[in-house]
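Here is the structure we will look at.
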Amino acid sequence: METASRWMKRSLAIVVASALAAGCAADAPVGLKEVPAVSTNASIADARIADLGVCQNLQVPSGSKLAFRTYAEGVQIYRWSGTSWTFIAPEALLFADAAANATIGSHYAGPTWESVSGGKVKGAVIDRCTPDPDAIAWLLLSAAPIDGAGVFQRVTHIQRVNTVGGNAPADPGSAVGEEARVPYTTEYLFYRAS
């Protein structure tokens, strides 16, 4: 007999899997649908990789495969030191599509991404690019899956692209330790080695 907690997790996993399958059926760039290997000659439309524009330094290693894409909405948290705003952590929900349908996970300090099924991956920044000075930087991160199997099991790289908002406040804080929660949206692309 399943416990209530186990039943709820299993039910939520089924709902998420259904949402991801629906996204793939609608030819949306989400879910676990396999896509062609990334190469310097790959068509962006065919591979559904990010259009990096001026941020070519954020390319994933040759042969990497886009496993899935998520859309994030949340906040970048900053703390006033008395002289400047210091980045503390992100706090965001991950969605199956840009319309914020179907919550499929969360993103928090580490930086860590966690799926609703419990799989986690931790990232480390390799490089950054700022195509829009009014938004947080785009990133290329190396990735290390943690806490068992799941959708992040073989993820090796993550790109943060198409950011909106999230920069530290322009005005100084009013007291040391004051926190600012600055809204942002972005897309995270998760890659696996071929």
Side-chain angles (χ1 to χ4, degrees), residues 23 27-78 84-100 104-114 121-145 151-152 154-170 180-194:
D27 202 29
V30 299
L32 302 178
K33 185 175 180 180
E34 291 292 330
V35 293
V38 175
S39 73
T40 55
N41 296 326
S43 162
I44 290 175
D46 292 340
R48 297 193 189 135
I49 60 174
D51 179 1
L52 297 177
V54 300
C55 297
Q56 294 303 308
N57 58 311
L58 303 183
Q59 292 284 347
V60 294
S62 180
S64 296
K65 292 182 92 170
L66 178 61
F68 57 100
R69 167 182 286 181
T70 64
Y71 299 83
E73 184 174 323
V75 294
Q76 296 283 306
I77 304 168
Y78 297 91
S84 65
W85 289 101
T86 303
F87 176 70
I88 302 300
E91 186 178 287
L93 291 176
L94 305 176
F95 298 99
D97 62 29
I104 58 175
S106 60
H107 175 46
Y108 51 88
T112 304
W113 293 261
E114 183 173 355
V121 65
K122 187 172 182 174
V125 175
I126 296 172
D127 210 346
R128 60 185 72 232
C129 179
T130 308
D132 178 0
D134 294 327
I136 54 175
W138 293 15
L139 302 175
L140 173 62
L141 304 102
S142 62
V151 296
F152 297 120
R154 294 179 15 232
V155 170
T156 57
H157 290 86
I158 303 166
Q159 288 173 328
R160 177 175 78 185
V161 298
N162 300 325
T163 56
V164 176
N167 278 339
R181 300 169 64 81
V182 183
Y184 86 108
T185 61
T186 192
E187 295 176 48
Y188 291 107
L189 287 78
F190 298 87
Y191 293 86
R192 296 179 179 148
S194 295

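In this structure, the side-chain contact (heavy atoms from CB on, under 4.5 Å) partners of S142, at least two apart in sequence or on a different chain, are A124, I126. The side-chain contact (heavy atoms from CB on, under 4.5 Å) check on P131 picks up V54, C55, C129, W138, with sequence neighbours excluded. Contacts of N57 classified as side chain to side chain donor-acceptor pair (under 3.5 Å), with partners at least two apart in sequence or in another chain: D127. Residues satisfying the side chain to side chain donor-acceptor pair (under 3.5 Å) test with Q76, not counting sequence neighbours, are none. For E114, the side-chain contact (heavy atoms from CB on, under 4.5 Å) criterion is met by S106, Y108, K120, not counting sequence neighbours. E73 meets the salt bridge (Lys or Arg N to Asp or Glu O under 4.0 Å) test with no other residue; sequence neighbours excluded. Checked against side chain to side chain donor-acceptor pair (under 3.5 Å), N167 has no partners two or more places apart in sequence or in another chain. Residues meeting the ring-ring contact (aromatic ring centres under 6.0 Å, His included) test with Y78, sequence neighbours left out: F87. Partners of R181 according to the salt bridge (Lys or Arg N to Asp or Glu O under 4.0 Å) rule, which considers only residues two or more places apart in sequence or in another chain, are E91. H157 pairs by the ring-ring contact (aromatic ring centres under 6.0 Å, His included) definition with nothing, not counting sequence neighbours. Residues satisfying the side-chain contact (heavy atoms from CB on, under 4.5 Å) test with A109, not counting sequence neighbours, are A89.
The shortest non-hydrogen separation linking Y188 to A72 is CE1-CB, 3.5 Å. Summarising the geometry of L141 relative to G123, their closest heavy-atom pair is CD2-C, 4.1 Å, with the distance given to 0.1 Å. Closest heavy-atom contact between A143 and V121: CB-CG2, 3.6 Å. Looking at every heavy atom in both residues, W113 comes nearest to K122 through CZ3-C, 4.4 Å.
Remark: aromatic rings of F95 and Y71 are distant, center separation not under 6.0 Å.
One finds the CD atom of Q159 at 6.0 Å from the CG atom of L140 (value rounded to the nearest 0.5 Å).
Taking 4.5 Å as the limit, some side-chain heavy atom of V161 sits within range of a side-chain heavy atom of L189. The shortest side-chain heavy-atom distance between P90 and Y184 falls under the 4.5 Å cut-off.
Although no hydrogens or angles enter the test, the distance criterion places no donor-acceptor pair under 3.5 Å between the side chain of T163 and the main chain of A135.
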| said: Apply side-chain contact (heavy atoms from CB on, under 4.5 Å) to residues V75 and V182 and explain how you reach the verdict. | reply: CA-CA 5 Å; V75 294; V182 183; 5.9 Å; no

